[in-house]
Amino acid sequence: MEASLGRKPSHYQDFPCVAVTDLSPSPSSPPLPPAVTPSFAADDSGAPQLRLGQPGTTGNILCLSLCHSQLFNLGPLVTLLIVEEPGISEGKEKSSFSKAFKLQFRKQDEREAFEAEVQQWKNGLSHTQNGPLENGVIVAPKCKFDSKIEASSAKMYFHYYGQLLHQQNMLQDYVRTGTYYSAVIENRVDFQGRVVVDVGAGSGILSLFAAQAGAKHVYAVEASEMAEYASRLVAGNPSLGQRITVIKGKVEEVELPEKADILISEPMGTLLVNERMLETYVIARDRFLVPNGKMFPSLGRIHMAPFSDEYLFVEIANKALFWQQQSFYGVDLTPLYGTAFQGYFSQPVVDAFDPRLLVSPPSFHTLDFSFIKEEELYEIDIPLNFIASVGTRVHGLACWFDVLFNGSSVQRWLTTAPGSPTTHWYQLRCVLSQPIYVMAGQEITGRLHLVAHSSQSYTINLTMSAKMWGAGADQGGILQSSTGKLELKEPYYRLSQPQPYIPAQDQQLHQQLVPIQDGNVSSLCIQQQNIGTMMNR
Ligand SMILES: C[S@@+](CC[C@H](N)C(=O)[O-])C[C@H]1O[C@@H](n2cnc3c(N)ncnc32)[C@H](O)[C@@H]1O
């Protein structure tokens with residue numbers, strides 16, 4: 001019986017013909033034809049299958065179970081499919097062996113549609129297998145994290161956090177760790193005798209702070225291998241550790257023996273939302289927190305302002321000049337110049353900049369962790385509206401964030417603002433490949449549109465426009481508009497080199513002459529650089 005797995009109908013039911021190569025140690029018998037038509041179905045037990053058949057025939061179909069399959073993207077047109085199949089070893093114990101197929105598509109969108117379809121059928125499997133069973137037992141559905149995050153991204157992510165050096169990097173950010181410490185210790189009243197959940201505990205540092213503040217019990221939930229180190233740290237601090245339980249697993253799937261009075265977490269990434277861990281924090285709220293329980297932090301704000309930084313603009317534009325060479329070892333590189341140029345502008349710049357580069361007072365967008373729905377973090381749409389304080393070229397949008405610890409005794413903000421002590425998040429700037437000109441008093445409008453993706457980050461769509469200014473401005477027309485599409489996961493960490501220390505009295509003199517080689521501008525530009533040494537997360 002072919003069963004529908006409760007999935008959305010797909011664009012492709014049977015896929016166009018693909019070339020297939022069987023790479024398995026013992027290739028299928030009879031051998032597959034060189035071109036097959038993939039299709040999907042469920043077997044008698046409801047498990048999803050991929051069927052590879054000869055185009056135009058119904059015979060000789062190879063059925064592959066998708067339950068334990070994995071896809072590896074080898075290029076725009078090529079996918080590697082690995083299928084684990086049950087086998088019987090000589091000792092009659094169950095073992096498994098792998099089959100591998102290289103699938104060559106004609107078009108990239110066919111490959112993408114195929115991969116999406118495989119994922120949908122696999123997700124459908126989890127729904128049928130983990131949903132309500134006939135005898136009434138309810139088994140938890142496939143965890144939300146796994147259904148929205150690509151396995152390869154999650155693997156790298158938790159590998160990163162499983163290493164002490166990266167936890168140390170965060171611990172050594174004294175603005176971050178010191179602010180958490182103060183926020184907890186100064187608000188003992190919120191922790192004393194309370195049950196706490198540390199959401200993404202890492203080394204366990206926040207759990208230990210909560211225990212110092214008198215928590216009755218802390219559940220430290222951590223998905224990476226760091227959970228093992230956290231256990232050791234907790235055991236090594238027995239007076240606190242006896243009130244801490246480290247639980248290794250994803251917040252989305254672990255079960256806790258009791259509800260929490262308060263959640264503590266450090267889920268912030270670059271631009272607040274990178275890493276998509278805020279969603280985990282919100283899921284923890286819905287799963288573990290008592291009604292009206294506290295969240296530390298309780299809200300976050302993304303701050304934004306237009307900036308002018310000729311030096312940065314030229315630096316980015318100049319990176320693509322390499323591709324303007326017409327005889328690079330006798331090869332004309334110019335066909336790729338335009339793509340390289342756009343590529344460099346698709347990287348948000350992460351560094352600490354001088355707040356004097358801002359062109360107007362900033363505005364902010366609030367994410368209230370106590371009330372926001374998880375789905376609201378999938379797409380964040382922020383209208384922009386500023387009044388330029390000076391006449392200048394606007395090169396893009398500068399962003400930073402802060403979070404609030406709304407304690408019963410003391411309110412504390414952790415800020416990453418330019419001009420404040422630098423944190424390991426620095427600030428983020430989206431640079432437009434086409435700057436816009438503004439006059440003092442002119443209105444700048446636009447939109448910052450963030451779209452989450454399965455690699456635990458966001459695509460940033462930015463539009464900035466200069467509105468009509470002076471006589472006739474009330475008619476509200478747009479004079480000039482510029483757009484950019486940037487990838488938050490691929491930032492340009494600007495200061496990898498330690499910067500020379502410049503005594504304050506010499507800073508005025510420390511100016512650099514920057515020749516502008518971009519076609520748009522033909523002058524020399526003077527820009528002050530005044531940025532300290534930083535570390536990256
Ligand atoms: C930014 S670090 C903070 C670590 C620690 N709380 C601190 O403040 O030093 C975030 C931690 O959350 C963990 N994490 C992220 N998503 C998680 C999830 N869905 N379930 C469990 N742990 C998660 C990561 O592995 C990482 O160790």
Side-chain angles (χ1 to χ4, degrees), residues 140 142-151 153-184 196-212 215 218-231 233-234 244-256 260 262-288 295-297 300 374 377 401 403 405 414 416 423-425 452 454-457 535-537:
K142 180 178 178 180
C143 107
K144 194 128 199 202
F145 185 98
D146 294 341
S147 59
K148 68 184 182 188
I149 301 299
E150 241 172 55
S153 171
K155 192 173 171 193
M156 278 176 61
Y157 179 76
F158 290 122
H159 175 74
Y160 175 93
Y161 278 122
Q163 297 173 55
L164 272 179
L165 78 136
H166 296 303
Q167 299 287 340
Q168 180 180 338
N169 188 28
M170 293 184 289
L171 295 173
Q172 284 181 319
D173 177 344
Y174 74 94
V175 177
R176 182 200 88 111
T177 308
T179 307
Y180 268 88
Y181 180 76
S182 310
V184 173
V196 181
V197 172
D198 182 353
V199 179
S203 62
I205 190 74
L206 303 183
S207 299
L208 289 154
F209 289 173
Q212 285 177 0
V218 188
Y219 296 96
V221 183
E222 171 59 41
S224 77
E225 295 304 315
M226 190 50 52
E228 168 61 28
Y229 296 104
S231 301
L233 209 54
V234 161
I244 301 175
T245 306
V246 177
I247 297 169
K248 181 164 187 237
K250 295 198 187 87
V251 166
E252 292 80 354
E253 64 191 0
V254 299
E255 297 297 335
L256 301 182
I262 178 163
L263 298 185
I264 189 163
S265 186
E266 195 273 79
M268 299 90 74
T270 314
L271 190 60
L272 184 59
V273 294
N274 192 30
E275 301 179 27
R276 296 186 65 180
M277 199 187 154
L278 288 179
E279 291 162 46
T280 295
Y281 192 32
V282 166
I283 289 172
R285 176 198 70 195
D286 296 342
R287 296 196 66 208
F288 306 135
M295 294 178 82
F296 259 55
E374 187 226 343
L377 292 163
F401 68 86
V403 293
F405 301 95
L414 168 54
T416 64
T423 71
H424 74 287
W425 289 285
S454 59
S455 298
Q456 292 169 281
S457 191
M535 52 184 182
N536 298 332
R537 170 146 151 184

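Read the numbers this way: they start at 1 and go in the same order the structure lists the ligands and their atoms. Just so you know, residue 1 is the first one in the sequence shown, and it goes up from there.
- Listed by number with element, the atoms of ligand 1 under 4.0 Å from a non-hydrogen atom of L206 are 6 (N), 8 (O).
- Residue pairs that meet the side-chain hydrogen bond (donor to acceptor under 3.5 Å, both in side chains) test with at least one member in residues 198-209, sequence neighbours left out, are D198-S207.
- Between R176 and ligand 1, at least one pair of N/O atoms sits closer than 3.5 Å.
- Side-chain contact between V199 and I264 is absent, with no heavy atoms from C-beta onward closer than 4.5 Å.
- When E252, E279, K248 are checked for heavy-atom proximity to atom 19 (N) of ligand 1, E252 turns out nearest.
- Between E150 and Q456, every side-chain heavy-atom pair lies at or beyond the 4.5 Å cut-off.
- Ligand 1 lies within reach of G249, whose nearest heavy atom is under 4.0 Å from it.
- Heavy atoms of Y160 come nearer than 4.0 angstrom to ligand 1 in no pair at all.
- Looking at E266 against ligand 1, both its backbone and its side chain come within 4.0 Å, counting heavy atoms.
- Heavy-atom distances between M277 and ligand 1 reach below 4.0 Å in at least one pair.
- In terms of polar-atom proximity, V199 is not counted as a contact of ligand 1, lacking any N or O under 3.5 Å from an N or O of the ligand.
- A centroid separation of 6.0 Å or more is found between the aromatic rings of F288 and Y219.
- Contact annotation: for Q167 versus ligand 1, heavy atoms closer than 4.0 Å belong to the side chain alone.
- When heavy-atom distances to ligand 1 are checked against a 4.0 Å cut-off, I205 comes that close only through its side chain, counted from C-beta outward.
- To the nearest 0.5 Å, the span separating CZ on R176 from OG1 on T416 amounts to 13.5 Å.
- In terms of modelled atom types and a separation under 3.5 Å, the side chain of Y180 and the main chain of S265 share a donor-acceptor contact.
- Of the heavy atoms in F158, only side-chain atoms (C-beta onward) come closer than 4.0 Å to ligand 1.
- Residues L377 and R276 form no side-chain contact, since every pair of their non-hydrogen atoms from C-beta on lies 4.5 Å or further apart.
- Across Y161, F209, Y157, heavy-atom proximity to atom 15 (C) of ligand 1 is greatest for Y157.
- Short contacts between ligand 1 and G202, defined as distances under 4.0 Å to a heavy atom of the residue, involve ligand atoms 4 (C), 27 (O).
- Aromatic rings from F145 and F158 are positioned such that their centres are separated by under 6.0 Å.
- Using a 4.0 Å cut-off between heavy atoms, A201 contacts ligand 1 through its backbone alone, with no side-chain atom that close.
- The side-chain heavy atoms of K148 and E279, taken from C-beta on, include a pair separated by under 4.5 Å.
- Within the listing of ligand 1, atoms 19 (N) sit less than 4.0 angstrom from a heavy atom of F145.
- Between the S455 side chain and the S457 main chain, no donor and acceptor come within less than 3.5 Å of each other.
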Can you list, pair by pair, the side-chain donor-acceptor contacts under 3.5 Å of residues 247-254, counting residues two or more places apart and other chains?
| unit_1 | atom_1 | unit_2 | atom_2 | d |
| --- | --- | --- | --- | --- |
| K248 | NZ | E225 | OE2 | 2.9 |
| K250 | NZ | D146 | OD1 | 3.1 |
| E252 | OE2 | T280 | OG1 | 2.7 |

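- Considering backbone and side-chain N/O atoms, S203 never comes within less than 3.5 Å of an N/O atom of ligand 1.
- Atoms of ligand 1 lying under 4.0 Å from at least one heavy atom of M170, given by number and element, are 1 (C), 2 (S).
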